[in-house]
Amino acid sequence: MANEAKKPAQEVGKFQAIISHCKEYGFIFPSSEIYDGLQAVYDYGQMGSELKKNIKDYWWKSMTQLHDNIVGIDAAIFMHPTTWKASGHVDNFNDPMIDNKDSKKRYRVDHLIEGHAELLKADGKEKEAEELLAAMDALLAKDDFAGLKQLIEDNKMVCAISGTCNWTDIRQFNLMFSTEFGSTEASEIPPAGGGGANKVYLRPETAQGIFVNFLNVQKTGRMKVPFGIAQIGKAFRNEIVARQFIFRMREFEQMEMQFFIRPGTQKEWYEFWKAERLKWHRSLGIPAEKYRYHDHIKLAHYADAACDIEFDFPMGFKELEGIHSRTDFDLRSHQEYSKKKQQYFDNDIDPATGKPYGNYIPFVIETSIGLDRMFLAVLSQAYEEQDLSTPERPDSRVVLKLPASLAPIKLAVLPLTKKDGLPEVAERIMSDCRPHFRCFYEEKDSIGKRYRRMDALGTPFCVTVDHQTLQDDTVTIRYRDTMEQERIPIEKIKELVMNAIG
RNA sequence: GCGGAAGUAGCUCACCUGGUAGAGCGACAGCUUCCCAAGCUGUAGGUAGCGGGUUCGAGUCCCGUCUUCCGCUCCA
């Protein structure tokens, strides 16, 4: 990843301010806060859960409703343990680590040993290098950490920084959280199919729920390639360093879509979804310069092309969404492990041969966006501290310029005073609008104070009922972003808000 | 994981050299106010992160621990 210039202190301050704002106005709370919190876990509050849900709905609708060839599913978080063998998560993401006690530098054990093997080769000791790597593979396969440490010490492998051979014991870094399946602990009952048979994982990505249901959906939905399956759901990953608020959490939510295509067409579909996804982001009205692509050079084990859509967060440009060309890796792997064919029969005529394309394992283009990251992107883009001071007196406001379609509350209904029959009129407006979108009624405090409170929550519209309303059935509508207001008939309110929220 | 800083009311902070906690904002109830916060009255809210030690007495000194933030490291 390209190195970013450090954000100025002002931006760091803005990030802090956003975090505080989130807590103070009921968007996001630290998990289990009364017990000092749980590292890298957060709860969404009364406002945050609305905003989050609106982002979800916006994505879901644009993916499924607006694409005839994409359907949604909601797969379970628990999956058969073999799923994660097939996906490569068990083998590829369980990295034994070792620390040098002098330099405090941490290494992946395999990287350390492979590095040493390279040195041997450079010395012309090809045979020794091969033997070393073979010994490592054998020990890794057995999870023999003591043996691996012995191997490192026997070969006098030293830390590049400290130059010493003073190592800690080897520890395992587990990407996935695991738990016990069944009501009895594993130790009390004999494992059904070998050791650890009762161990299940909390899924580290939602994608596998889609892959294992590929044929279910294709057949029951009579889907024809190319088609997509979308899913929104929780995923869980142990993070080495989990920080930066909701940007990197241990429990997070993904919005993924796997698009199944004819082999050989992956390049064009990859480009298609790359462009399509950026279009989606821009449709929210966020400026284009806040986004950029970042192509991956080093690819994950399942991909033949990958890029991120990065967003200019308060702490710099960071990954928001990934678009990956996953080849047929996942379906092919599931076919091998499950012994169930994961093929699709394509009846379309191949112009090259004049015959149907026939049976094949589809290739896959994945779009995967972090819902929590999207939340943070939307919020940090919307957050603004404004200085409204006049020569007479200082004044300021905090406003969330959220897209109206995403705002937790769409309309505030405010009687100018709480007597003279104004609340009764306001209540009528509430009853009229409540079924259609989220409204908020407030009669306490001065009108200005109420406007500012709504600004802080990102409410795009406030209507105020005053004495003139009693005469001519009009109200003042006040716009959040411009703070301008105008007079409109009561019967126009609903229509105006509905148009704005799409 | 390493280094640095910080943890006192919902928020921002004060209490200097140890004597059983204060302010502003916010919240709530009311008054006032007829269109953009900080007008008036009243009320609620803290065993000073947690544990231990020193002391007649600790928010204040010492040790430990947890959490958060900043930097470095690491990372799919």
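Here is the naming used below: chain letters follow the sequence lines, and residue numbers restart at 1 for every chain.
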Euclidean distance for P, B:A23 against B:G42 (whole angstrom): 13 Å
Single hit among A:Arg452, A:Lys418, A:Lys449, A:Arg453 for salt bridge (Lys or Arg N to Asp or Glu O under 4.0 Å) with A:Glu442: A:Arg453
Whole-Å distance separating the NE2 atom of A:His21 from the C1' atom of B:G10: 14 Å
C1' gap between B:U60 and B:U54, integer Å: 14 Å
Pair partner, B:G64 [Watson-Crick or wobble, under 3.5 Å]: B:C50
Opposite nucleotide pairing with B:G71, Watson-Crick or G-U, both atom distances under 3.5 Å: B:C2
Test of ring centre spacing under 6.0 Å for A:Phe247 and A:Phe313: yes
Selection: residues 439-465 of chain A, any non-hydrogen atom under 4.0 Å of RNA chain B: A:Lys444, A:Ile447, A:Gly448, A:Lys449, A:Tyr451, A:Arg452, A:Arg453, A:Thr464
Base-pairing assignment for B:G18 (Watson-Crick or G-U wobble, both under 3.5 Å): none
Electrostatic pair A:Arg373-A:Glu321, nearest N-O below 4.0 angstrom: no
Geometric cation-pi criterion, A:Lys274 with A:Tyr293: 6.0 Å, 45°: yes
Base-pairing assignment for B:A29 (Watson-Crick or G-U wobble, both under 3.5 Å): B:U41
Side chain to side chain contact (heavy atoms under 4.5 Å, CB included) assessment of A:Asp466 paired with A:Val475: CA-CA 7 Å; A:Asp466 60 16; A:Val475 293; over 6 Å; no
Toward the 5' end of RNA chain B, by each residue's nearest nucleotide, A:Glu484 or A:Leu38: A:Glu484
Heavy-atom donor-acceptor pair, A:Asp466 side-chain to B:C35 base, under 3.5 Å: yes
Pairing partner of B:G24 (Watson-Crick or G-U wobble, both distances under 3.5 Å): B:C11
Pair A:Lys14 + A:Glu385, salt bridge at N-O below 4.0 Å: no
A:Gln16 side chain near B:C70 phosphate (N/O to OP1/OP2, under 4.0 Å): yes
